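Just below is one structure, and these are the notes that go with it.
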Number of protein chains: 2
Amino acid sequence: MRTAAERLGYSTNRLARGLRRQTTETIGMVVPDIANPFFPAVIKAVETEARSVGLTLLLCDSGNDVAQEADALRRLVDHQIDGMIISVCDRIASRQAVAFTADRLPLVQIDRQTVGGSGYLVGVDQVDSVNRILRHLREQGYRRYAYITAGLEISTARQRLEAFVAHLRSSDPGVERRVLVGEFSIEWGYEATRRLLEAGSGQDEQLPDALVCADDLIAVGAVQCLRQRGIRVPDEVAVTGFDDTVLATASRPQLTTVRQPLDLLGRAAVGLLRRAIQEPRMPARSTVLPAELVVRESSVRSNLPAKLPRTM
Amino acid sequence: MRTAAERLGYSTNRLARGLRRQTTETIGMVVPDIANPFFPAVIKAVETEARSVGLTLLLCDSGNDVAQEADALRRLVDHQIDGMIISVCDRIASRQAVAFTADRLPLVQIDRQTVGGSGYLVGVDQVDSVNRILRHLREQGYRRYAYITAGLEISTARQRLEAFVAHLRSSDPGVERRVLVGEFSIEWGYEATRRLLEAGSGQDEQLPDALVCADDLIAVGAVQCLRQRGIRVPDEVAVTGFDDTVLATASRPQLTTVRQPLDLLGRAAVGLLRRAIQEPRMPARSTVLPAELVVRESSVRSNLPAKLPRTM
DNA sequence: GTGAAAGCGCTAACAT
DNA sequence: ATGTTAGCGCTTTCAC
């Protein structure tokens with residue numbers, strides 16, 4: 001019978017049904033930048049999980065813009081979705097729109113989150129991730145670290161920076177470190193590296209020998225700049241990325257990076273959201289998943305054995 | 001007053017409004033694979049344009065699966081969107097779901113299209129693109145071409161293949177050419193190249209000296225395989241991609257590729273859709289935009305001057 | 001001008 | 001089991 005109805009071209013009007021039942025079996029998702037290859041991977045994970053439990057995912061891109069993000073949230077809410085999954089673009093400035101939204105429907109924050117950490121949160125352990133990178137670089141004999149990052153209004157970028165600083169402060173109090181703040185892009189990775197090299201010209205030994213980058217895009221830009229100046233990666237300078245996007249294996253040398261468990265992340269976010277939808281007064285809850293260090297060419301010296309040189 | 005209402009936390013229920021007005025100021029978009037970096041770029045272009053004219057874009061991924069695509073279309077239609085923009089996953093098998101959808105609302109096909117070409121279409125001139133690649137390779141002195149492509153159920157892959165064959169048939173009737181059909185992925189690019197090398201071992205002069213790849217992912221895989229075997233790109237073998245994704249500049253050597261005018265594509269698709277929404281009986285219409293060849297390192301011999309060797 | 005009423009397509013509750 | 005009715009929140013119409 002249902003098939004008969006379908007054959008006749010009938011299909012139920014979800015608008016009307018939603019109006020009556022007050023549920024649309026649809027959830028919204030807002031991401032900061034769909035052009036950043038990390039987010040399509042997150043989206044895929046969330047959508048796969050959503051579909052498998054019968055939910056439609058409606059997606060919007062906020063273009064790293066708080067106003068646009070607020071607009072996308074409002075529009076999705078107005079569409080009477082049942083819940084929202086969001087990766088916010090600004091840990092402070094996004095709070096208002098997030099609060100507004102969370103006020104009228106269940107909302108789960110995934111990956112990039114607002115400060116304060118109230119509500120339902122799903123993310124990856126950034127501190128642990130950075131520690132793994134730094135331990136690895138140290139084992140490979142690299143000593144003078146620089147951190148190239150996107151703007152610190154992005155929660156993950158800031159967490160990684162704080163972890164970077166804290167780690168070095170405790171493990172190598174006197175160690176060289178520099179921090180450059182920009183954005184998640186190849187261009188910025190290139191530019192930041194250019195600035196590092198420029199600043200260090202004349203006193204070559206002061207140049208960092210390891211560039212810790214806040215994502216793969218930045219790392220690719222860094223590698224490009226180094227190669228262009230004839231600086232060998234990883235023999236002279238190591239470069240690490242973050243996210244294990246398709247770029248990590250496409251670039252030369254292949255990037256050492258941190259792989260986040262996206263499937264688990266998506267599953268956790270959708271699961272949490274569904275529980276919140278079923279149980280309106282569910283208490284706040286936060287899930288933190290561990291990431292995995294993927295060691296590739298960009299941080300393993302090829303001609304030198306991987307040994308620890310003596311510290312002075 | 002409107003601000004006052006908003007301050008009180010009121011926001012209009014688009015479901016109810018849509019039910020009454022029979023319009024939701026929302027359009028749907030379905031793409032075959034959001035993980036393929038080409039599509040986020042297309043999505044961005046479409047969404048930017050949609051937002052600028054006051055339309056919300058609701059996005060679904062069909063995961064290269066016809067059933068999932070049909071499901072996404074149905075769900076979006078059921079949400080009473082005003083129109084649909086789709087890049088289909090199968091030029092034949094997607095026809096039914098597309099027809100079903102186009103039957104109840106305006107639908108514009110973008111990039112990958114169903115065969116027959118009825119309705120509203122927006123795409124890029126694939127024949128011209130391939131011709132530009134082949135003319136360029138010929139000018140650079142490459143002679144033995146292979147084409148590595150995704151499945152021919154994808155309209156653009158097939159058009160490119162047909163153009164490849166037609167071009168070589170007319171310009172170089174006796175020229176060496178081979179075609180390998182797989183999917184849009186780095187893995188396939190690698191595997192296809194491995195097969196080419198394997199088949200050619202023992203008779204080295206039969207190996208192709210130019211690998212024309214149906215997208216950047218495939219090209220990256222091809223380059224990886226060649227480098228691993230110690231075959232120099234572009235000095236011994238040229239590799240070209242398609243789409244000018246972020247991969248093209250991230251990979252080493254940087255890829256010669258075809259850049260599609262995505263902004264224009266997005267603008268054309270949204271414009272066409274809006275006109276079709278306003279004027280229900282608007283006649284079918286097809287827009288074909290020219291693409292641009294971007295020459296980078298992977299097809300320009302570095303040590304040899306770019307000259308035409310004599311044909312035998 | 002302002003206000004009341006009908007109805008979009010559906011479903012849940014109620015009546016038969 | 002099957003049929004009928006009321007109403008979800010909005011907009012449009014029609015009456016005042």
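Please read these numbers as outputs of a predicted model, since none were measured by experiment. Numbered from 1 within each chain, the chains take letters A, B, ... in sequence-line order.
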Distance check needed: [N] [atom2] versus [X] [atom1], whole Å only.
X: A:Arg20; N: C:dT11; atom1: CZ; atom2: C1'; result: 5 Å
X: A:Asn13; N: D:dC10; atom1: CG; atom2: C1'; result: 14 Å
X: A:His79; N: D:dC8; atom1: NE2; atom2: P; result: 21 Å
X: B:Glu25; N: D:dT11; atom1: CD; atom2: P; result: 10 Å
X: A:Leu19; N: D:dA6; atom1: CG; atom2: P; result: 18 Å
X: A:Leu15; N: C:dG9; atom1: CG; atom2: P; result: 11 Å
X: B:Arg21; N: D:dT13; atom1: CZ; atom2: C1'; result: 15 Å
X: A:Arg14; N: C:dC10; atom1: CZ; atom2: C1'; result: 13 Å

| message | D:dT11, OP1 or OP2 - any side-chain N/O from B:Arg17 closer than 4.0 Å? | response |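 It does, given that an N or O in the side chain of B:Arg17 lies less than 4.0 Å from OP1 or OP2 of D:dT11.
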
| message | Quick check on C:dA12: is either OP1 or OP2 less than 4.0 Å from any side-chain nitrogen or oxygen of A:Gln22? | response |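 A:Gln22 to C:dA12 OP1/OP2: no side-chain N or O under 4.0 Å.
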
| Among side-chain atoms of B:Glu69 and B:Ser94, is any donor-acceptor pair under 3.5 angstrom? |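 Short answer, yes.
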
| When you check the side-chain N and O atoms of A:Thr114 and A:Arg91, is any donor under 3.5 Å from an acceptor? |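 Note: A:Thr114 and A:Arg91 side chains miss the donor-acceptor criterion.
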
| said: If we check side chain to side chain contact (heavy atoms under 4.5 Å, CB included) with A:Gln109, which of these qualifies: A:Leu272, A:Val122, A:Ile85, A:Val98? | reply: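 Exactly one candidate clears the test, A:Val98.
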
| said: If you compare all heavy atoms of A:His79 against all heavy atoms of B:Arg14, which two are closest, and at what distance to 0.1 Å? | reply: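 Heavy-atom minimum between the residues: CD2-CD, 3.7 Å.
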
